[in-house]
Number of protein chains: 2
Amino acid sequence: MVAQAFWESFQTMTVTMKQGRVGVPCLACPLRLKPAFKDKTDDEVRFIQAMKFDHRALPAGSDIIHPGQEDAELYTLFSGWAFRYQSLPDGRRQILNFLLPGDLVGLQASLLSAAQHGIEALTDVELCVFPRRRVWDLFVRMPSLSYEIAWLGSREESLIDENLTSVGQRNAGERIAALVISLYRRADALGLVSERSFLFPLSQQQLADALGLSLVHTSKTWSRLRRSGLFSISAGRLTLLNPRLTARMASAFEREFEPRPLI
Amino acid sequence: MVAQAFWESFQTMTVTMKQGRVGVPCLACPLRLKPAFKDKTDDEVRFIQAMKFDHRALPAGSDIIHPGQEDAELYTLFSGWAFRYQSLPDGRRQILNFLLPGDLVGLQASLLSAAQHGIEALTDVELCVFPRRRVWDLFVRMPSLSYEIAWLGSREESLIDENLTSVGQRNAGERIAALVISLYRRADALGLVSERSFLFPLSQQQLADALGLSLVHTSKTWSRLRRSGLFSISAGRLTLLNPRLTARMASAFEREFEPRPLI
DNA sequence: CGTCGAATTGATATCCATCAAAGCGAGTGG
DNA sequence: CCACTCGCTTTGATGGATATCAATTCGACG
């Protein structure tokens, strides 16, 4: 619709600001208008705007934060998808969670002295950059925002809890169903679902790394679920054909999404 | 030694305070003296002391927070061990992480509107209770403490990241080695290790639920590792016979523990 | 001595990993 | 327009790791 078109044009429009800053003005941030996010006072938004240091676009596959990095900044994901991962010395890799627009990127890395994980852009992304050295300042001057940052940290933890439960307890089919349902709901909350379908940019290797399965077994299970009519894929979009059934397969408890803060 | 004896007597000593509060005075908290924890200003400690609402002792097996609970308080674990877990409708259960003395208990539950997980006492425990409704107040009045709470939340997330990587990527033997090494290091940082041995109160069922393995397979792998000389168990204590080798088996990168905040 | 929960052990079934090869689609250069 | 390459996906065959079932042992405790 109109809103959709506005949104898409806005995403590609990057306003160049003085002093080398490139950005979308936070007061007019289109993400902020979505019902998924809580309202903020003008004061808060102005603080955020002042703290925003850059608006950065990166192509799919870029490192946003590399493992061990000690000076990682804090970001919010303005558009696109990313993922956090951890690698073992022998090359095995676990994808810890996926990041969608509006998610805080690199909170853990900006608080701890060194990142214990990497973060990679899954699609082309745009990031709002907040300097790490000003996070402390934020805690001192903006208690409401610092509370919301802690809240977002806890929410991310609870998403990882879900993934851990999935990988530890569910079989291959259940894991895929749980992941698809979880991403579907998050995309839906952002208004990115239409006709039960949404952009699904994961390769099967990435799926496998997120689910703790081999590539081959992922492929076989994935196509079994498609053949059984749970969902279909075309043109990079995934369509859920039977959301209720998929949720039951994933033995997912109905979890409501309340509006959440956007820093 | 002397310190050890003092500590043990202190643990069982619970001072009854007026107004029904039972507690250990925070200014003299023996946990706080350990090198694992960062120093605090007197102001901060006084604030914590004033916020501390109760000092509660619970027997092993008690629910500290039950799944779905909406009014969970915030705790620190004063003594004993606990674990966070998540259950599926059909009874499968994933243990998400273990909590040791000094760990914050229920941060996620006290920030989000409902707990997505349960927390259970693994041994007899003592808890310092901080009322949920005053957490906001803490963020407003004590930026330094709120920053440290966010820091502790990120640290917990990074521990869960490790567990997820373990469960998703490592085989049974590696998972056990990684868990043992991780608990060993945490216990060591708290001064709970002597002669390479420390209290290890997990049942094999709990081990299995933490590792995403069946009880039977856990038992077989566990005793295989013991026979191969990695560690031994006696009287509820685990002794690491070859820490370097165990760490290598777990393909653990050397991770330093910097001093951390104790709220 | 009897009981109960936890740990152990053996036998078998199943899920998932690994190996190998073929298919497919998008891009590229002739 | 075709041939070629390259990455990603699909499929078949086989082996291995882990789950499940069943029975026994062990240890704590009354």
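Quick note on labels: first sequence line is chain A, next is B, and so on, each numbered from 1.
- In terms of phosphate contacts, Gln204(B) brings a side-chain nitrogen or oxygen within less than 4.0 Å of OP1 or OP2 of dT8(C).
- Of the listed nucleotides (dT18(C), dA19(D), dT20(D)), dT20(D) has the atom at the smallest distance from the side chain of Val216(B).
- Here the nucleotide nearest the side chain of Arg227(B), chosen from dA13(D), dT9(C), dA17(C), is dT9(C).
- In the set dT10(D), dA19(D), dA11(C), the nucleotide with an atom closest to the side chain of Ser219(A) is dT10(D).
- Residue Ser203(B) is in sugar-phosphate contact alone, with no base atom involved, counting any heavy-atom pair closer than 4.0 Å across all strands shown.
- Rounding to whole angstrom units, NE2 of residue His217(B) and P of dT12(C) are separated by 19 Å.
- We find that Arg248(B) and Glu174(B) are not joined by a salt bridge, their nearest charged nitrogen and carboxylate oxygen being 4.0 Å or further apart.
- Using a 3.5 Å distance cut-off with no hydrogens or angles, the side chains of Arg196(B) and Thr239(B) do not pair a donor with an acceptor.
- Under a 4.0 Å N-O distance rule, the pair Glu120(A)/Arg84(A) does not qualify as a salt bridge.
- The distance from atom CG of Leu215(B) to atom P of dT18(D) is 15 Å, rounded to the nearest whole Å.
- Distance, Asp209(B) CG to dA6(C) P: 12 Å, rounded to whole Å.
- Among the atoms of the strands shown, only primed sugar atoms or phosphate atoms (P, OP1, OP2) are found under 4.0 Å from some heavy atom of Arg226(A).
- In this entry the distance linking CZ of Arg92(A) with P of dA17(C) reads 12 Å, nearest Å.
- Gly173(B) comes within contact range of no nucleotide atom at all, as no heavy-atom separation falls under 4.0 Å.
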Test ring pair (Phe, Tyr, Trp, His ring centres under 6.0 Å) on Tyr85(A) and His117(A); report intermediate values, then the result. CA-CA 6 Å; Tyr85(A) 67 93; His117(A) 57 260; 8.2 Å; no
